[in-house]
Each structure stands twice: as structure tokens, then as C-alpha cells.
Peer 1: 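Dumping the structure here so I can ask a few things about it.
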Amino acid sequence: MGCDSGAAVGWGLALNLGFERLVTLDIMIYGASLALEFIALICLRIREPELKRPFRVPGGLFGAIAVGIPPVLLLGLPLFAANMKRCLG
């Protein structure tokens, strides 16, 4: 019940946002979940380095960090573009 109420309030607040802001918000929420996946990958590499997996990112801990950095950096691009558009008019 609490999650449904929270989602309803969130959708109600989002009704006043424009399409571009909603897309930016969607990208940021998806990006946050992606960042959590990369954090979990790094934590798993630290805690269970020899755990058998169907696929391993080569390079050990450095490889796991190197794979996660570019997507996380790209998360700032929509925010940067939105701020530049607001500053430039």
C-alpha cells in the first residue's frame, strides 16, 4: 500500500513537468539503477573474487571499475545538456 501511494504521489508531481524534463528524469532513474549494478559488480569482485560466474569481465578489479566508469560518466550528459539549454535560453 505504501509503495502504491508513493508511486501515485510521484506520478502526480510529474504531471506538471514538461516532456524533456520527464525524459531526463527517466534517464537519471535508469542510470542510478545501472550505477548500482556496477557498484554491486565491484563489491562482488572485492568480496568473492574466485566465485564461479557464467561470464567474467577480464582484468580483475581494475577491469570491473574500467567497465563501469564510462556509463556512469554518461549519466551527467543529460543534466549538462539541460543546464546548458537553460543557461543559453
Peer 1: What's the spacing between Arg53 CZ and Leu41 CG if we round to 0.5 Å?
Peer 2: 7.5 Å

Peer 1: So, taking the atom named CG in Leu34 and the one named CG in Leu75, what distance separates them when rounded to the nearest 0.5 Å?
Peer 2: 6.5 Å

Peer 1: Judged by atom type as modelled, is there a donor-acceptor pair below 3.5 Å linking the side chain of Arg45 to the main-chain atoms of Gly60?
Peer 2: yes

Peer 1: CD1/Ile46 to CG/Leu61 distance, rounded to the nearest 0.5 angstrom?
Peer 2: 5.0 Å

Peer 1: How close do Phe38 and Gly68 get, heavy atom to heavy atom, and via which atoms?
Peer 2: CD2-CA, 3.6 Å

Peer 1: Membership question, hydrophobic clusters at under 4.5 Å side-chain separation (ILVMFWY): are Leu36 and Val72 in the same one?
Peer 2: no

